[in-house]
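Shown next, in structure tokens, is the structure this report addresses.
Order of the sequence lines sets the chain letters (A, B, ...), proteins ahead of strands, with each chain counted from 1. Just the heavy atoms: all of them, side chains too, but no hydrogens, waters or symmetry mates, feed the values below.
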Amino acid sequence: MKFQTPRGTRDILSPEVEFRNYVFEKSRELFEIYGFKEIVTPTFERTEVFTKGIGEASDIVSKEMYTFKDRKGRSLTLKPEGTAPVVRSFIQNKMYGKSLPIKLYYCGQMFRYEKPQAGRGREFSQVGIEIIGTSDPLADVETIALVMNLYKQLGIDKTKLIVNSMGCRNCRKKYLQDLNKYLEIKSKNLCENCNFRIEKNPLRVFDCKVDQCKKILSKSPILRDYLCNECEDHFKNVLKGLESLKIKWQLDNRLVRGFDYYTKTVFEVTAPKLGAQDAICGGGRYDYLIEDYGGPLTPAVGVAIGVDRTALVMMRMGIKPFSEKNIQVFLIALNDTAKKKAIVLLDDLRKNKIPSDMDYGNRGIKGQFKMADRLKAKYVLILGEDELRNNKVSLKEMDTGKQSIVNYDDVINYLKEKIKESN
RNA sequence: GUGAGCGUAGCUCAGCUUGGUUAGAGCGCAGGAUUGUGGCUCCUGAGGUCGCGGGUUCAAAUCCCGUCGUUCACCCCA
């Protein structure tokens with residue numbers, strides 16, 4: 001193959017693209033019902049926008065960004081996630097001057113230089129929401145409720161909501177001290193990978209799948225025990241809120257999101273049929289991010305939904321909530337004169353919003369019928385010598401095989417009626 | 001970034017272990033049986049740089065090396 005898409009990118013073709021569009025449509029619809037307004041940020045940003053918020057030491061910043069220099073030598077980066085640009089925009093456009101909270105949603109392509117796998121490409125789509133300017137736990141609840149609602153509407157069941165609290169600046173500091181102490185003592189019994197994590201980001205040890213490490217970690221200090229009163233209250237209220245909405249959750253002390261900016265609530269939803277890449281959305285609270293970017297201290301919460309993965313789950317689960325948009329009418333012309341008349345009729349059908357098509361080439365009647373069949377056309381219109389002579393059109397209903405003759409001038413109205421009836 | 005599997009017709013795959021005539025099947029596609037009627041059946045046909053490059057050999061789809069792509073796990077995350 002001489003020309004092919006770069007590694008980790010792909011063409012998204014017909015059955016999948018409809019699923020994907022459906023996810024976009026449903027998300028947009030729900031976001032607006034929940035009172036969110038769309039924001040479109042650039043595909044690339046100044047590199048600092050991401051290094052600042054996500055964290056220099058994170059995997060994303062340290063090895064997964066598509067960073068390049070423009071012609072003036074400025075360092076730019078294709079966005080690897082959606083929250084940092086929204087926060088940048090919030091500050092740049094002085095949205096803190098508006099009445100808060102402000103509720104924003106985005107849809108777009110993200111880019112990360114990762115090793116590709118099913119459900120993990122180097123370019124992928126996300127939709128996401130951000131509620132900026134409130135520390136109320138209800139905002140966390142609303143965010144979670146929205147995504148759970150979305151999956152329900154998409155027909156995805158057996159999702160699992162995992163929640164945890166990361167604490168705030170204060171309680172996390174104490175916790176990390178104690179965790180490090182504990183890990184140091186046990187370090188010789190932990191795997192090599194974990195020892196590496198201890199240096200890099202101790203919270204990451206909870207991702208380990210080695211039995212021995214799991215055992216040791218099950219007795220490690222738990223972040224939740226270190227939560228200050230405020231964080232504890234917040235978390236309890238989030239869980240209470242979920243309960244009142246009848247949303248089931250699963251507590252996971254080991255859930256640690258990969259961005260440094262998270263505080264308090266973090267959550268993730270996983271879906272079946274995806275193997276190891278089973279997170280279909282992830283989010284949480286980020287109360288200091290805006291301040292870190294130089295804005296006023298403004299608490300916020302958000303979530304990002306993986307569109308490609310969501311579409312993939314739907315396909316693998318055999319969910320097909322949308323009807324196929326097939327051709328309604330197929331035109332068959334049997335000679336050149338008929339063809340000339342057919343293109344006029346076809347144009348008319350289309351102007352009347354009746355999905356219709358005809359053959360370009362010079363297939364025989366049989367070939368054209370086959371095409372009509374393959375396109376799943378409901379009606380076939382035949383224009384041949386007989387019909388031309390009498391200014392008529394033969395109309396065949398493909399499901400029943402019934403055929404009738406209709407006046408050329410009446411055919412459009414006749415079909416409109418027919419189609420209306422069958423809906 | 002680490003480890004493993006896979007790459008043969010448009011699609012799903014067989015053949016590779018043990019190298020040896022013109023590389024096969026099913027589905028799909030085209031034509032015909034039915035000269036103005038689809039789906040079912042039957043017949044015929046088209047379609048392949050065996051991912052790419054190199055090596056071993058008289059001879060490579062088959063063995064070896066490299067490379068690209070993909071899948072799975074790790075990792076990370078959506």
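Look at the P atom in both B:G53 and B:U49: the space between them is 12 Å, to the nearest Å. Distance noted for atom P between B:G15 and B:U70: 26 Å (whole Å). Taking atom C1' in both B:A25 and B:A14, one finds a spacing of 7 Å when rounded to whole Å. Here the separation of B:G31 from B:U12, taken at their P atoms, is 25 Å to the nearest Å. The gap from the P atom of B:C75 to that of B:G3 amounts to 15 Å, rounded to the nearest Å. Annotation: B:A78 and B:U18 have their P atoms spaced 48 Å apart (nearest Å). Only the P atoms considered, B:G24 is 14 Å distant from B:G47, to the nearest whole Å. Taking atom C1' on both nucleotides, B:G48 is separated from B:C13 by 15 Å, rounded to a whole Å.
Taking atom CD of residue A:E64 and atom P of nucleotide B:C76, one finds them 10 Å apart after rounding to whole Å. Rounded to whole angstrom, the span from the CZ atom of A:R363 across to the P atom of B:U35 amounts to 19 Å. What separates CG of A:D278 from P of B:C75 is a distance of 12 Å, to the nearest Å. With rounding to whole Å, A:K396 atom NZ is found 7 Å from B:G38 atom P. Here the C1' atom of nucleotide B:C74 and the CG atom of A:D59 are 13 Å apart, to the nearest Å. A:K370 places its NZ atom 16 Å from the C1' atom of B:G36, with the value rounded to the nearest Å. Going from atom NZ of A:K366 over to atom P of B:U37 covers 8 Å, rounded to whole Å. Put simply, CD on A:Q117 is 16 Å from P on B:A4, counting in whole angstrom units.
Using a 4.0 Å heavy-atom cutoff across all strands shown, A:G401 reaches at least one base atom of the nucleic acid. Contact annotation for A:I280: backbone-only contact, meaning every heavy-atom pair under 4.0 Å involves sugar-phosphate atoms and none involves a base. Using a 4.0 Å heavy-atom cutoff across all strands shown, A:E123 reaches no nucleic acid atom at all. Within the nucleic acid shown, A:Y113 has no heavy atom closer than 4.0 Å to any nucleic acid atom. Within the 4.0 angstrom heavy-atom criterion, only backbone atoms of the sugar-phosphate kind lie near A:G8; the bases stay farther away. Residue-level contact check: A:R112 touches the bases, meaning some heavy atom is under 4.0 Å from a base atom. Using a 4.0 Å heavy-atom distance criterion, A:G384 is classed as a base contact. A:D386 comes within contact range of at least one nucleobase, with a heavy-atom separation under 4.0 Å. Heavy atoms of A:I382 sit under 4.0 angstrom from at least one base atom.
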Exercise for the section: List the steps, then state whether side chain to side chain contact (heavy atoms under 4.5 Å, CB included) holds for A:L161 with A:Q250. Expected result: CA-CA 6 Å; A:L161 168 65; A:Q250 208 171 306; over 6 Å; no

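The pairing partner recorded for B:G38 is none, the criterion being a Watson-Crick or G-U wobble arrangement whose two distances lie under 3.5 angstrom. Pairing for B:U56 is absent, judged as Watson-Crick or G-U wobble with the two contacts each under 3.5 Å. Searching all strands for a Watson-Crick or G-U wobble partner of B:U17 with both distances below 3.5 Å returns nothing. In a base pair of the Watson-Crick type (N1 to N3 plus N6-O4 or O6-N4) or a G-U wobble (N1-O2 and O6-N3), with each distance short of 3.5 Å, B:C76 is matched with no nucleotide. Pairing partner, B:U44: B:A30, with both Watson-Crick or wobble hydrogen-bond distances short of 3.5 Å. The partner of B:A23 cannot be assigned: no Watson-Crick or G-U wobble pair with both contacts below 3.5 Å exists in any strand. B:U49 is unpaired under the Watson-Crick or G-U wobble criterion, no partner having all donor-acceptor distances under 3.5 Å. Pairing of B:G69, defined by two Watson-Crick or G-U wobble distances under 3.5 Å, is identified with B:C6.
Looking at residues two or more places apart in sequence or on another chain, you find no ring pair (Phe, Tyr, Trp, His ring centres under 6.0 Å) involving A:F24.
Residue A:R374 has no polar side-chain atom (N or O) positioned under 4.0 Å from OP1 or OP2 of B:G39. Distances shorter than 4.0 Å separate none of the side-chain N or O atoms of A:R10 from OP1 or OP2 on B:G69. For A:R120, no side-chain nitrogen or oxygen approaches OP1 or OP2 of B:C77 to under 4.0 Å.
Salt-bridge formation is detected for the pair A:R20/A:D308: a Lys NZ or Arg NE/NH1/NH2 atom is positioned less than 4.0 Å from an Asp or Glu carboxylate oxygen.
For A:P116, whose side chain is taken as the heavy atoms from C-beta onward, the closest listed nucleotide among B:U71, B:C77, B:U37 is B:U71. For A:D373, the side-chain atoms get nearest to B:G38 when compared with the rest of B:G36, B:C76, B:G38. When the nucleotides B:A73, B:A78, B:G36 are ranked by their closest atom to the side chain of A:A276, B:A73 comes out on top. The listed nucleotides are B:G38, B:G36, B:G69; the one nearest the side chain of A:E385 is B:G36. Closest to the A:E114 side chain, of the nucleotides B:G36, B:C76, B:C74, is B:C76. Among the nucleotides B:A78, B:G39, B:U37, the one closest to the side chain of A:R257 is B:A78.
Taking for each of A:S394 and A:A118 the nucleotide of RNA chain B with the nearest heavy atom, the 5'-most of the two is the partner of A:S394. Nucleotides of RNA chain B nearest to A:A377 and A:R309 differ in position, and the one nearer the 5' end is that of A:A377.
Under the 6.0 Å distance and 45° angle rule, A:K174 does not count as a cation-pi partner of A:Y226. Geometrically, A:R285 does not engage A:Y262 in a cation-pi contact, judged by NZ or CZ lying under 6.0 Å from the ring centre and within 45° of the ring axis. Stacking of A:R169 on the aromatic ring of A:Y288 is recorded, both the 6.0 Å distance cut-off and the 45° axial limit being met. With a 6.0 Å cutoff to the six-membered ring centre and a 45° limit on the axis angle, A:K26 does not count as a cation-pi contact of A:F322.
For the 3.5 Å distance criterion, the side chains of A:K79 and A:T41 qualify, holding a donor opposite an acceptor. With 3.5 Å as the limit, one finds a donor-acceptor pair spanning the side chains of A:T83 and A:E130.
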